[in-house]
**Student:** 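My questions all concern the structure below.
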Amino acid sequence: MSKERSSNEVADQLAELTRGSVEVLNLAELKKRLARGDTLRVKAGFDPTAADLHLGHTVLMQKLRQFQQLGHKVLFLIGDFTARIGDPSGRNETRPALAPEEIVANAETYKEQAFRILDPDLTELHSNGEWMESMTAAGLIELAASTTVARMLERDDFSRRYKGEQSISLHEFLYPLIQAWDSVQLRSDVELGGTDQTFNLLLGRELQRANGQEPQVVMTMPLLEGTDGVQKMSKSLDNTIGITEPPAEIYGKVMSISDTLMLRYYELLSDVGQEFVVELREGKHEAMEAKKRLASELTGRFHGEDAALAGAEEFARRYQRGQLPSEIPEWEWQGSDSEVRICDLLKASGLAKSASEGRRLVRQGAVKLDGKKISDEMAPVAAQGKVLIEVGKRRVLVVKFDR
RNA sequence: GGAGGGGUGCCCGAGCGGUCAAUGGGAGCAGACUGUAAAUCUGCCGGCGUACGCCUACGGAGGUUCGAAUCCUCCCCUCUCCA
């Protein structure tokens with residue numbers, strides 16, 4: 001049913017689709033498929049354990065969205081089966097197998113979150129348990145026979161671990177193999193992934209070719225650095241900006257990234273034209289203003305314009321005018337004593353992890369009670385009415401005493 | 001099957017009988033500065049106790065010793081080389 005595209009049309013699509021990508025393997029094949037007028041089946045795999053989508057994921061999601069906007073179909077694969085193996089790019093951690101209910105629940109949260117960006121009508125949701133659960137040991141042996149150890153050791157992290165005398169468990173080799181097999185099962189035309197996925201994606205091509213399919217085109221996207229500006233954004237490193245976080249939170253986090261990182265975020269996340277980014281790099285725009293613009297854009301993308309404005313207002317209020325947040329969480333003290341020591345209160349309310357930490361914070365002058373700095377770690381707090389506690393610049397809480 | 005390296009706090013990594021809750025770096029937290037930026041400087045950084053202190057910790061279990069992360073035995077994990 002495919003209708004051929006004109007060469008202009010193909011060139012336009014190609015330019016749009018490859019923008020921002022690190023590598024396309026290979027370009028000629030992508031061009032050929034576009035020219036044929038195919039509706040491309042575009043695969044991307046996601047881990048079922050972390051259904052909290054963050055900006056790092058959105059780099060890929062935006063790209064998928066672009067494919068959809070051109071009428072192509074997204075194969076959204078949840079790697080429930082591969083999740084048993086562990087992090088493909090990390091250390092040797094084996095994750096516990098997920099219960100079927102958990103997978104279903106996670107898939108739901110994915111739908112809810114991913115479809116803030118993707119078009120549900122042009123998305124097929126899959127999980128690789130669909131074909132892996134029923135694979136026999138014989139099937140797995142056959143699959144494992146399709147590649148070699150030397151080939152596996154070409155993968156960057158494997159080779160690094162091997163040379164560094166770190167252990168590599170045999171089953172870790174199955175991750176790329178299964179991911180590649182997924183491509184065969186889904187008959188994908190294109191697979192998208194981060195640059196750390198290159199090896200796995202290429203293996204998909206090999207397996208497809210071996211199974212009589214036209215090998216998928218591989219497209220890698222840059223990995224987004226987390227808020228620390230160095231390591232890739234990942235939940236386990238606690239450097240993420242999640243798309244479901246409150247607008248003020250997203251806005252604030254974006255505002256606090258470094259200027260260098262801001263350039264990167266502009267490049268990878270913003271819809272703002274490339275000219276602006278270039279000018280920004282040349283110092284033609286005020287950094288602070290540019291950062292506000294970015295913060296508004298990203299906040300608005302997931303929560304709407306009004307929320308972005310509110311986020312900006314909240315930011316100005318808290319950090320530029322140094323005022324308290326407009327909404328302060330309340331917490332109720334459970335206890336019958338007529339007074340509480342500040343260090344115990346900090347611990348009980350969760351503002352400090354332990355009484356020791358609470359004491360340390362007081363000693364360092366980080367704690368304010370109703371706006372007044374406290375210096376005595378043992379200072380008693382009358383257990384009456386409400387008390388406002390500030391710890392550092394970020395942690396604020398109203399403690400309610402119910403007596 | 002044999003020989004030899006390793007397993008230390010969130011991470012990396014010293015220590016190799018007492019002075020070790022354990023050097024150093026990174027991360028993190030707090031303070032100063034600022035644009036909640038970067039860079040820099042300062043302090044903190046196992047838990048509990050107002051404090052003298054106590055408890056838990058150096059892969060696991062025993063043992064030697066007045067005393068062990070440090071020595072011995074067994075076990076587990078891991079790496080390299082040989083077969």
Side-chain angles (χ1 to χ4, degrees), chain A residues 87 90-94 153 158-172 225-241 245-266 280-281 283 285-296 298-299 311-325 339-348 350-369 373-381 389-396:
Chain A
D87 191 331
R91 304 149 197 285
N92 48 336
E93 292 166 27
T94 305
L153 289 177
F158 283 151
S159 117
R160 200 167 345 103
R161 280 163 61 190
Y162 185 66
K163 285 181 192 139
E165 308 201 336
Q166 308 249 296
S167 71
I168 300 171
S169 295
L170 207 51
H171 77 288
E172 293 182 69
E225 292 81 6
T227 49
D228 57 274
V230 180
Q231 295 191 272
K232 73 167 181 177
M233 188 175 282
S234 122
K235 213 166 138 192
S236 57
L237 293 170
D238 197 25
N239 61 0
T240 62
I241 301 178
E245 288 186 53
E249 197 66 22
I250 296 180
Y251 193 97
K253 281 190 180 183
V254 174
M255 286 308 292
S256 72
I257 61 175
S258 73
D259 289 3
T260 319
L261 191 59
M262 169 176 68
L263 285 168
R264 185 89 174 131
Y265 279 22
Y266 256 114
L280 185 59
R281 191 177 288 114
H285 296 278
E286 202 192 325
M288 186 62 173
E289 288 309 312
K291 208 177 275 180
K292 283 182 182 167
R293 182 174 171 179
L294 179 68
S296 292
L298 294 177
T299 309
E313 171 51 32
E314 186 71 10
F315 173 79
R317 175 196 176 93
R318 286 200 71 178
Y319 300 107
Q320 295 192 303
R321 298 200 293 272
Q323 295 169 336
L324 290 167
E339 53 181 45
V340 195
R341 291 184 316 184
I342 182 66
C343 59
D344 293 329
L345 191 54
L346 288 173
K347 183 191 176 188
L351 287 168
K353 286 194 203 79
S354 65
S356 302
E357 187 187 82
R359 233 178 261 150
R360 250 178 256 136
L361 288 166
V362 174
R363 229 177 287 146
Q364 297 188 114
V367 179
K368 281 188 194 165
L369 214 61
K373 191 176 278 187
I374 302 292
S375 53
D376 177 9
E377 34 192 282
M378 292 302 145
V381 179
I389 307 183
E390 294 167 76
V391 177
K393 287 175 190 139
R394 282 154 208 269
R395 287 171 263 180
V396 190

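Please read these numbers as outputs of a predicted model, since none were measured by experiment. Throughout, a chain's letter reflects where its sequence line sits, starting with A, and its residues are numbered from 1.
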**Student:** Suppose you measure atom P in B:C72 against the same atom in B:U65; what distance do you get, rounded to whole Å?
**Tutor:**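 Straight-line distance between the two P atoms is 15 Å.
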
**Student:** Rounding to the closest angstrom, what is the interatomic distance between B:G15 and B:C71 at atom C1'?
**Tutor:**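 Here B:G15 and B:C71 have their C1' atoms 15 Å from each other.
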
**Student:** Measure CE/A:M233 against P/B:A27 and give the value in whole Å, please.
**Tutor:**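 Between P of B:A27 and CE of A:M233: 18 Å.
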
**Student:** Across all strands shown, which nucleotide pairs with B:U70 by Watson-Crick or G-U wobble geometry, both distances under 3.5 Å?
**Tutor:**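 By the stated definition (distances under 3.5 Å), nothing pairs with B:U70.
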
**Student:** Across all strands shown, which nucleotide pairs with B:A30 by Watson-Crick or G-U wobble geometry, both distances under 3.5 Å?
**Tutor:**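 With both distances under 3.5 Å, B:A30 matches B:U42.
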
**Student:** B:G35, B:U36, B:A38: which one has an atom nearest the side-chain heavy atoms of A:S258?
**Tutor:**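 Output: B:A38.
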
**Student:** Write down the distance separating the C1' atoms in B:G47 and B:A21, rounded off to the nearest Å.
**Tutor:**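 Here B:G47 and B:A21 have their C1' atoms 11 Å from each other.
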
**Student:** Would you mind telling me which residue lines up with the more 5' stretch of RNA chain B, A:S356 or A:M262, judged by nearest nucleotide?
**Tutor:**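 Its nearest nucleotide being more 5', the pick is A:M262.
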
**Student:** Mind checking who B:A3 pairs with, Watson-Crick or G-U wobble, both distances under 3.5 Å?
**Tutor:**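 Base-paired to B:U80.
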
**Student:** Test your reading of the model: is there a side-chain donor-acceptor pair from A:Y266 to the backbone of A:A290, 3.5 Å cut-off?
**Tutor:**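 Yes; judged by distance alone, with no hydrogens or angles, the pair exists.
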
**Student:** Is A:Q364 side chain donor-acceptor paired with the B:G43 base, going by distance under 3.5 Å alone?
**Tutor:**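 Counting by modelled atom types and ignoring angles, a donor-acceptor contact under 3.5 Å is found here.
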
**Student:** Please state the C1' separation for the pair B:C45 and B:G24 - nearest whole angstrom.
**Tutor:**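 Looking at atom C1' only, B:C45 and B:G24 are 15 Å apart.
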
**Student:** At under 4.0 Å, does any side-chain N or O of A:R394 touch on OP1 or OP2 of B:U36?
**Tutor:**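 For B:U36, OP1/OP2 do not have a side-chain N/O of A:R394 under 4.0 Å.
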
**Student:** Measure the distance from CG on A:N239 to C1' on B:G26 and round it to the nearest whole Å.
**Tutor:**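 My rounded result for the distance is 15 Å.
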
**Student:** What integer distance in Å separates A:K353:NZ from B:C44:C1'?
**Tutor:**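 The answer, rounded to whole Å, is 12 Å.
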
**Student:** Using the P atom as the point on both nucleotides, what is the distance between B:U64 and B:A69, in whole Å?
**Tutor:**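 That atom pair is separated by 16 Å.
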
**Student:** Take atom CZ of A:R318 and atom P of B:G35, then tell me their distance rounded to the nearest Å.
**Tutor:**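 About 18 Å, once rounded to whole Å.
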
**Student:** Are OP1 or OP2 of B:C48 and a side-chain N or O of A:S354 less than 4.0 angstrom apart?
**Tutor:**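 For B:C48, OP1/OP2 do have a side-chain N/O of A:S354 under 4.0 Å.
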
**Student:** Return the value, rounded to whole Å, for the distance between atom CD of A:E390 and atom P of B:A30.
**Tutor:**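 Answer to the nearest Å: 13 Å.
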
**Student:** Is any side-chain N of the basic residue among A:R321 and A:E313 closer than 4.0 Å to the acidic one's carboxylate O?
**Tutor:**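 Judged by the 4.0 Å cut-off on N to carboxylate O distance, A:R321 and A:E313 do form a salt bridge.
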
**Student:** Nearest nucleotide by nearest heavy atom, which residue falls closer to the 5' end of RNA chain B, A:K253 or A:G392?
**Tutor:**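 Closer to the 5' end of RNA chain B: A:G392.
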
**Student:** Touch check for A:Y162, heavy atoms < 4.0 angstrom, all strands: base, sugar-phosphate only, or nothing?
**Tutor:**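 If one applies the 4.0 Å heavy-atom cut-off, A:Y162 turns out to touch the sugar-phosphate alone, with no base involved.
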
**Student:** Taking atom P of B:G46 as reference, at what distance in whole Å does atom NZ of A:K347 sit?
**Tutor:**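 After rounding, the reported distance stands at 16 Å.
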
**Student:** Counting any heavy atom closer than 4.0 Å, what does A:L261 reach on the DNA or RNA strands: base, sugar-phosphate only, or nothing?
**Tutor:**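 Here A:L261 touches no strand at all.
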
**Student:** Counting side-chain heavy atoms from C-beta on, which of B:C33, B:A38, B:C44 comes nearest to A:K393?
**Tutor:**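 Among the listed nucleotides, the one closest to the side chain of A:K393 is B:C33.
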
**Student:** Mind checking the CD1-CG spacing from A:I257 to A:N239? Nearest 0.5 Å is all I need.
**Tutor:**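 Rounded to the nearest 0.5 Å, the CD1-CG separation comes out at 12.0 Å.
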
**Student:** Check for a donor-acceptor pair, side chain of A:S169 on one end and backbone N or O of A:E172 on the other, with a separation under 3.5 Å.
**Tutor:**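 No; judged by distance alone, with no hydrogens or angles, the pair does not exist.
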
**Student:** Determine which nucleotide pairs with B:A57, using a 3.5 Å limit on both distances of a Watson-Crick or G-U wobble pair.
**Tutor:**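 Paired with B:A57, as far as the under-3.5 Å criterion goes, is no nucleotide at all.
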
**Student:** What does A:G229 touch in the nucleic acid at a heavy-atom separation under 4.0 angstrom: a base, only the sugar-phosphate, or nothing?
**Tutor:**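 Nothing, no nucleic acid heavy atom in range.
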
**Student:** Give a yes/no answer on whether the side chain of A:R363 brings an N or O atom under 4.0 Å of OP1 or OP2 in B:C45.
**Tutor:**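 So the side chain of A:R363 is outside the cut-off, no N or O lying under 4.0 Å from OP1 or OP2 of B:C45.
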
**Student:** The side chain of A:D259 lies closest to which of these nucleotides: B:G49, B:G35, B:G47?
**Tutor:**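 Of B:G49, B:G35, B:G47, B:G35 is nearest to the side chain of A:D259.
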
**Student:** Which whole number of Å gives the distance between the P atom of B:C11 and that of B:U23?
**Tutor:**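 Roughly 16 Å separates the two P atoms.
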
**Student:** How far, in whole Å, is B:A68 from B:A3 if one measures between their C1' atoms?
**Tutor:**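 One C1' to the other, the span is 29 Å.
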
**Student:** Side chain of A:R395, backbone of A:I389: donor and acceptor closer than 3.5 Å?
**Tutor:**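 Such a contact is absent between A:R395 side chain and A:I389 backbone.
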
**Student:** So, does A:T299 use its side chain to make a donor-acceptor pair with the main chain of A:S296 at under 3.5 Å?
**Tutor:**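 It does not hold such a pair.
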
**Student:** Does B:A38 have OP1 or OP2 sitting under 4.0 Å from an N or O in the side chain of A:T260?
**Tutor:**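 It does not, given that no N or O in the side chain of A:T260 lies less than 4.0 Å from OP1 or OP2 of B:A38.
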
**Student:** Between C1' on B:G49 and CZ on A:R359, what's the gap in Å once rounded to a whole number?
**Tutor:**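 Computing the A:R359:CZ to B:G49:C1' distance gives 6 Å.
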
**Student:** Should we say atom OH of A:Y162 is surrounded by more than 12 heavy atoms from elsewhere, each under 6.0 Å from it?
**Tutor:**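 Not buried by this count: 12 neighbours or fewer within 6.0 Å.
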
**Student:** Can any side-chain N or O of A:R161 pair as donor or acceptor with the backbone N or O of A:S167 at less than 3.5 Å?
**Tutor:**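 It does hold such a pair.
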
**Student:** Mind checking the C1' distance from B:C33 to B:G25? Whole angstroms is fine.
**Tutor:**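 Per the computed distance, 25 Å lies between those C1' atoms.
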
**Student:** Using Watson-Crick or G-U wobble geometry with both distances below 3.5 Å, tell me the partner of B:G49, or none.
**Tutor:**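 Paired with B:G49, as far as the under-3.5 Å criterion goes, is no nucleotide at all.
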
**Student:** Round to a whole Å and report the spacing from CD of A:E357 to C1' of B:G49.
**Tutor:**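 Rounded to the whole Å, the gap is 17 Å.
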
